[in-house]
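Worth knowing before you read on, the calculation uses all heavy atoms, side chains too, and leaves out hydrogens, waters and symmetry mates.
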Amino acid sequence: MSNILLKLQEEFDENPFVSFDSSGQGVSRVYDGTWDYTARNESLRTVSFTAVPEIHRANIQRYVGKLLEYNMDKSTDNHVSVSLVSRWRDNLHRISKHWGKSDFSLLSNNSEWRKVKSSIKGHYTQATIGSIAATINKLNEAGLLDRYVKLSEIRPYANDKGSKQYIAMPSTIHAKVLQRVIDTVETYHPHRLEISYAMSKGTKLRDSELANELNKLNVSSLSKNEAKELNVRVSKQANKLGEAIPEYRLVQKGKWVNDILKDCLMCVDLFSGARRTELLSFNHNSYHVIAGVPVLQGKTYKANKGVAKTETWVTHPLALKALELAYDMTQYARDIHKAVLNEAFDNGDITKDAYQRGMRQLSSAFIATNMGMECYGKVRSAYLLLLNQGLNLDKFGIVATQEEVDEFNFLNPDWYGEMEVGGSLPKLSLHDLRRSFAVFLVRNRLGNSQTIKYQFKHKNINMSHWYANYAQLARAEDLLLDENLMSEVNEAMEELAVEAFDDIYNGSENLSGGGSKDIIKDQEERLGRGETIVMSRKELKALVKNGSKSIVLLPTGGYCTNSDCERLCSIESFAAEDKPCSHLVITDKGAKGMAAQRKRLIKAFTDMNDMGDYAYSRILVGYKEKICHIEHTLKDHKIPFEPFTQQIKVLA
């Protein structure tokens, strides 16, 4: 046993408190199975050590306890987030699991360090390996071992699975998903109070029938088959209570309500781009109109040490309907949960902090609706909607076309080939909706990088540029604070730039855009001298590395060769520019993308034009000019098309 571990044993011999309630009284001690931080009101409530084998548990608790003490002393506000403590626990558990030891001070020894690297090899992704290295470096900083780990040293021990970026949906699939959730909201919004009433009456009917059945059989509980028969009988009666509600079903475990609730959650996400914890902070009172702009105000925990702070998201009025539906139809569950909490608090079964946390969660529009007998009438550790079963991707009936597959591959290089014609998306999560929202913003010229920076609460504008330009997303929450990871990203960006310039100089038969003239001239001169390659990848890489060449992939289909440009062609106005940008270059590949964009614009124009609403006339003018502008590019690239000739009906 190392001297440092012996000192830690002595330091924690009296099992001191590591968490406290809101009045300053101790709650959890260092050797408790779970450290309870309920009083902090952070997104994460506890740090559990019960999954750590007993042989290593106490040691890991000592090291984590010491890291907590050291970082709290170093912090200006005497605070360390629960999520960070949880990360230390996870990483030390990972090391001990494969190394077989938990005296982490021994990692100062080169022989033991080689054993650790060998034991974890191939078990974790680069992101997790990087997190393990960061924790070891924290131990070093706290004086608990003498080793600093460079990411370049430990990176080779990661597996080759990598961390994939979140998905951006192809535009037509995005529209289909959006339409489906909007249909749900529009269908059930008028029935939201009826749903809660029917569910409340159905639950009370179940309680009454259960009491009668127990009395009749003179037992304290029903067998599995008896309970099943009771639920079937109750459901038949209870379903009549909601006959006026489309496809109403009383499901004790809440699945019918949950499916509607998920659609409401997706609707709000698709119209805000908020994170999961931020979405779960919204309710019907979160919607406001400020200076004519609809917004949502809720809580975010991002970049605030896990403590909630109020933020604002621009949104759409449909978000209000979704929140009203979600909140009002779950009022029956909210009433039941509150009654249980009040009784438990009055009886002294739960602390004031746990009671207040539960009440805060029940102010959300998105709460748990499971009223199955296994959890009915009991205090719960959390009352927010769980998404363990995902977002019900199958219900959207996605059957991908070739065009959608091509667009998916373009938007999601990490997922290339994982969506097939006739198939569906490989996955769908709330963060996938978030990234799709960012793409939607840019494609429809609803905002620029600054808009996305604000909307997504990013501290660094570079992250917003990555969203806007479909580049790799952050592979860890603290990516922007990690110089080593940033260096990796810069290398990846250089490779992407080389690929783009190779497409321009050597891969495209035709070029267009204001920046293409000099390139075409250079091509003609080199080809005239008999050279088969205009500029080799080696030449291009050298020029990119020394800063002579830079490039940005635009969502509009072209490339901008001026990285400092503030013109942001990705969000250009509807009107075609009189003077073409001298930095814009469009390849044959980009022009094909613009041809697909033109089809989408024509469909949008047609649908909006058929409404015959004068209020849309300015938008239609913009669509038409953009379509005609793209047609000029298609001509330059010899891509056939039928000229657009539709007239704006309300102006004809």
Checklist line | Straight-line distance of Arg249 CZ to Lys255 NZ, nearest 0.5 Å | finding: 12.0 Å
Item checked: Residues Lys176, Met169; criterion side-chain contact (heavy atoms from CB on, under 4.5 Å); working and verdict -> CA-CA 10 Å; Lys176 185 172 185 178; Met169 293 182 286; over 6 Å; no
Check: Passes side-chain contact (heavy atoms from CB on, under 4.5 Å), Tyr623 versus Met608? Steps please.
Finding: CA-CA 10 Å; Tyr623 277 159; Met608 194 176 293; 4.0 Å; yes
Checklist line | Main-chain N/O of Gly390 paired to Lys262 side chain as donor or acceptor, under 3.5 Å | finding: yes
Check: Glu194 and Pro190: which non-hydrogen atoms are nearest, and at how many Å?
Finding: OE2-O, 3.8 Å
Checklist line | Smallest separation among heavy atoms of Asp636 and Ser512, with atom names | finding: OD2-CB, 3.8 Å
Next item on the list: Could you tell me the separation between the CD atom of Glu278 and the CD atom of Glu311, rounded to the nearest 0.5 Å?
Entry: 8.0 Å
Check: When you look at CD of Glu420, are more than 12 heavy atoms from neighbouring residues, nucleotides or ligands closer to it than 6.0 Å?
Finding: no
Item checked: OG1-CG distance between Thr330 and Leu385, expressed to the nearest 0.5 angstrom -> 9.5 Å
Note to self: Looking at Phe641, I'd like to know if its CZ atom is crowded, meaning that more than 12 non-hydrogen atoms belonging to other residues, nucleotides or ligands lie closer than 6.0 Å.
What the structure shows: yes
Next item on the list: Scan side-chain atoms only and decide if Asp263 and Thr184 contain a donor-acceptor pair under the 3.5 Å cut-off.
Entry: yes
Note to self: Please report the interatomic distance NE2(His189) to CD1(Ile260), rounded to the nearest 0.5 Å.
What the structure shows: 13.0 Å
Margin query: Donor-acceptor check, side chain of Thr606 to backbone of Ile602, threshold 3.5 angstrom: yes or no?
Written below: yes
Check: Is there a side-chain contact between Leu261 and Asn258 (heavy atoms, below 4.5 Å)?
Finding: yes
Next item on the list: Answer whether the closest heavy-atom distance between the side chains of Leu511 and Thr587 falls below 4.5 Å.
Entry: yes
Note to self: For a 4.5 angstrom cut-off between non-hydrogen side-chain atoms, does Asn609 reach Tyr616?
What the structure shows: no
Notebook entry, point to check: Are Asp588 and His637 linked by a side-chain donor-acceptor pair shorter than 3.5 Å?
Noted result: yes
Check: For Ile173 and Met419, what are the C-alpha separation, side-chain angles and deciding distance, and is it a side-chain contact (heavy atoms from CB on, under 4.5 Å)?
Finding: CA-CA 12 Å; Ile173 292 178; Met419 183 179 185; 3.1 Å; yes
Notebook entry, point to check: Counting only N and O atoms by type, is there a donor-acceptor contact under 3.5 Å from the side chain of Lys624 to the main-chain atoms of Phe605?
Noted result: no
Next item on the list: Could you check whether the rings of Tyr188 and Trp256 sit parallel, tilted or perpendicular, using 30° and 60° as the cut-offs?
Entry: perpendicular
Note to self: Can you confirm whether the side chains of Asp432 and Ser429 place a donor and an acceptor under 3.5 Å from each other?
What the structure shows: yes
Notebook entry, point to check: Which heavy atom of His431 sits nearest a heavy atom of Tyr166, and at what distance?
Noted result: CD2-CD1, 3.4 Å
Check: Do Leu620 and Leu651 come close enough that some side-chain heavy atom pair is under 4.5 Å?
Finding: no
Next item on the list: Of all the heavy-atom pairs spanning Pro170 and Leu425, show the shortest one and how long it is.
Entry: CD-CD2, 4.3 Å
Check: So do Ile167 and Leu428 actually touch side chain to side chain, heavy atoms under 4.5 Å?
Finding: no
Check: Sub-3.5 Å donor-acceptor pair from the side chain of Ser364 to the main-chain atoms of Ile367, do we have one?
Finding: no
Note to self: Please find the pair of heavy atoms, one from Asp269 and one from Arg434, that lie closest to each other, and give the distance.
What the structure shows: OD2-N, 4.2 Å
Next item on the list: Name the orientation class of the two ring planes belonging to Phe271 and His316 (parallel below 30°, tilted from 30 to 60°, perpendicular beyond 60°).
Entry: parallel
Margin query: A side-chain contact here means heavy atoms from C-beta on lying under 4.5 Å apart; do Phe396 and Met266 qualify?
Written below: yes
Next item on the list: Give a yes or no on whether the backbone of Lys395 and the side-chain of Arg180 come within a donor-acceptor separation of less than 3.5 Å.
Entry: yes
Item checked: Over all atoms of both residues, closest heavy-atom pair of Asn412 and Ala168 -> OD1-N, 2.8 Å
Next item on the list: Step by step, work out the side-chain contact (heavy atoms from CB on, under 4.5 Å) result for Lys427 and Trp415.
Entry: CA-CA 10 Å; Lys427 72 183 190 77; Trp415 295 84; 3.4 Å; yes
Item checked: Side-chain ion pair, Arg600 and Glu407, N-O less than 4.0 Å -> yes
Notebook entry, point to check: What distance do His284 atom NE2 and Leu325 atom CG have between them, rounded to the nearest 0.5 Å?
Noted result: 12.5 Å
Notebook entry, point to check: Looking only at atom types and distance, does a side-chain atom of Lys299 sit under 3.5 Å from a main-chain N or O of Thr277, one as donor and one as acceptor?
Noted result: no
Next item on the list: Assess whether atom NZ of Lys592 is packed by more than 12 heavy atoms of other residues, nucleotides or ligands within 6.0 Å.
Entry: no
Check: Heavy atoms, side chains only, cut-off 4.5 Å: are Lys638 and Glu509 in contact?
Finding: no
Item checked: Gap separating the CH2 atom of Trp313 from the CG atom of Leu296, nearest 0.5 angstrom -> 8.0 Å
Check: Can you check whether Ser286 reaches Tyr327 side chain to side chain, under 4.5 Å on heavy atoms?
Finding: no
